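This report concerns only the one structure given below.
Computed from a predicted model, the values in this text were never measured in an experiment. Note that the numbering runs from 1 along the sequence shown for the chain. For ligands, and for the atoms within them, numbers begin at 1 and follow the listed sequence.
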Amino acid sequence: MEKESLCLHAGYTPKSGDANVLPIYQSTTYAYDTPEELAHLFDVPKDGHIYTRISNPTVAAFEEKIAALEGGVAAMMTSSGQAATLVAVLTAAQAGDNILAFPTLYGGTFNLLKITLMKLGIECRFIHSEMTDEEIESMIDDRTKMMFGETIANPAMVIFDFDRFAPLCRRHGILLAIDNTLATPCLVTPFKHGANVVVHSTTKYLDGHAVSVGGVIVDGGNFEFRGNPRYADFYTPDESYHGTVYVDEGGKAAFALKARMQLMRDMGVSPSPFNAWLTNLGTETLHLRMQRHSENALAVARALKKNDKISWVKYCGLEDDPNHEAASKYFKGGFGGMVCFGVKGGREKAADFIRNLSFIRQLTHIADCRTCVLHPASTTHRQLSDRELVECGISDDFIRLSVGIENAADIIRDIEQSLNR
Ligand SMILES: Cc1ncc(COP(=O)(O)O)c(C=O)c1O
């Protein structure tokens with residue numbers, strides 16, 4: 001099936017007489033007739049459900065859908081996007097290890113990697129695209145477990161250069177993990193470009209209606225753990241799970257199995273079945289929304305470019321955008337809904353612009369079907385120092401606009417009336 005059809009049909013196929021729409025299994029537990037049946041599930045967890053912290057039929061249906069859309073072999077939903085990133089890193093790394101990441105990452109991810117993981121003994125070494133391969137490679141040692149990037153950095157809007165970094169990770173036998181939240185699998189499929197693990201904040205476009213916080217980890221099934229000394233814990237017995245060897249038990253889905261049976265079991269960052277159901281419902285229309293988000297964002301970016309009250313516009317769909325060439329290699333069917341721009345007059349005028357908008361609301365959110373706006377320097381990124389703000393690509397006048405699926409003319413009219421005021 002193509003992606004449009006997978007959005008609707010992957011993950012749930014009703015049997016004769018079943019509900020046509022995915023049901024909500026709002027149950028913590030699952031009943032079995034014999035001790036042997038339940039014992040079998042403790043040995044082979046993928047054969048059924050034991051307890052909703054570990055898996056649930058509604059959640060599993062969404063997981064299967066997103067794995068199919070991304071072209072991965074398995075997925076695990078989490079209670080939030082932050083939890084997905086945390087669990088993805090902890091599946092690969094432990095105290096004493098390090099990972100590589102970019103400072104342009106979403107502010108919450110930046111804090112998680114820089115501060116909180118450091119407290120757990122995992123060092124994040126920050127790299128920049130301007131560094132040479134030799135400079136980056138000199139930061140890799142035998143405890144480096146992962147490179148972490150974002151398809152489109154939120155909100156710096158830098159496009160991840162898969163053609164450069166995927167071969168670099170392969171040369172060193174390091175996992176490449178990509179946050180694909182802003183692009184979604186309808187526009188970019190990171191596994192096709194060499195990523196091994198994908199994470200999402202499903203809170204964004206996958207839900208799309210701003211009703212449910214969630215995250216997901218997708219396993220590309222394309223990484224050889226066996227024999228790679230960095231990842232011995234994937235091919236030696238896990239004493240905490242009666243000696244399971246993840247590459248034997250999980251096969252290609254070893255990463256997803258370890259994430260679930262070790263990290264989800266112990267940390268319990270599981271989603272509620274109802275949230276999974278809402279996210280699945282949103283994902284059914286993902287392909288249509290991404291098309292409309294992209295068309296509207298391009299129209300808005302073009303209108304902003306022409307407006308003399310705007311000092312700069314960043315949208316990788318604009319032909320003269322510095323990221324357009326890179327984006328054109330990886331994006332299919334649109335460039336997404338995020339447009340960033342600067343209002344002439346700096347922080348004060350940026351605040352006035354937000355104050356004077358009419359139906360476009362100020363929200364700590366993006367990727368909603370309704371257009372929303374934010375001034376990152378005074379909100380999501382306010383914990384960062386001036387130097388860190390510059391590293392993240394954020395300036396005082398920076399406005400982040402998440403373009404929705406309303407009529408584009410209405411969005412442009414609201415922006416223009418605010419600028420005129
Ligand atoms: C790109 C990206 N990744 C991860 C997250 C964290 O996701 P959540 O808010 O669902 O925890 C966000 C949140 O804004 C995000 O924009």
Working for salt bridge (charged side-chain N to carboxylate O under 4.0 Å, His left out), residues R143 and E123:
CA-CA 10 Å; R143 299 295 301 263; E123 181 196 353; over 6 Å; no
Measuring only between side-chain heavy atoms, which start at C-beta, is N180 closer than 4.5 Å to P185?
yes
Report yes or no: does H200 have a heavy atom closer than 4.0 Å to ligand 1?
no
Can a cation-pi geometry be assigned to K314 and F341, taking NZ or CZ under 6.0 Å from the six-membered ring centre and within 45° of the ring axis?
no
So is Q82 polar-close to ligand 1, meaning N/O to N/O under 3.5 Å?
yes
Write out the residue and atom name of the closest protein heavy atom to atom 10 (O) of ligand 1, then the distance separating them to 0.1 Å.
T203 OG1, 2.6 Å
Kindly say whether A253 contributes a backbone atom to a donor-acceptor pair with the side chain of Y246 at under 3.5 angstrom?
no
Side chains of F62 and T202: does their closest heavy-atom pair fall under 4.5 Å?
yes
Is the closest side-chain heavy-atom distance between R260 and R265 below 4.5 Å?
no
Non-hydrogen atoms of A153 versus ligand 1: any pair closer than 4.0 Å?
no
Report yes if D179 has an N/O atom closer than 3.5 Å to an N/O atom of ligand 1; otherwise report no.
yes
Side chain or backbone, does G81 bring an N or O within less than 3.5 Å of an N or O on ligand 1?
yes
If you scan protein heavy atoms around atom 13 (C) of ligand 1, the nearest is K204 NZ, 2.7 Å
Indicate, as side chain, backbone, both or neither, the part of E150 found under 4.0 angstrom from ligand 1 when only non-hydrogen atoms are considered.
side chain
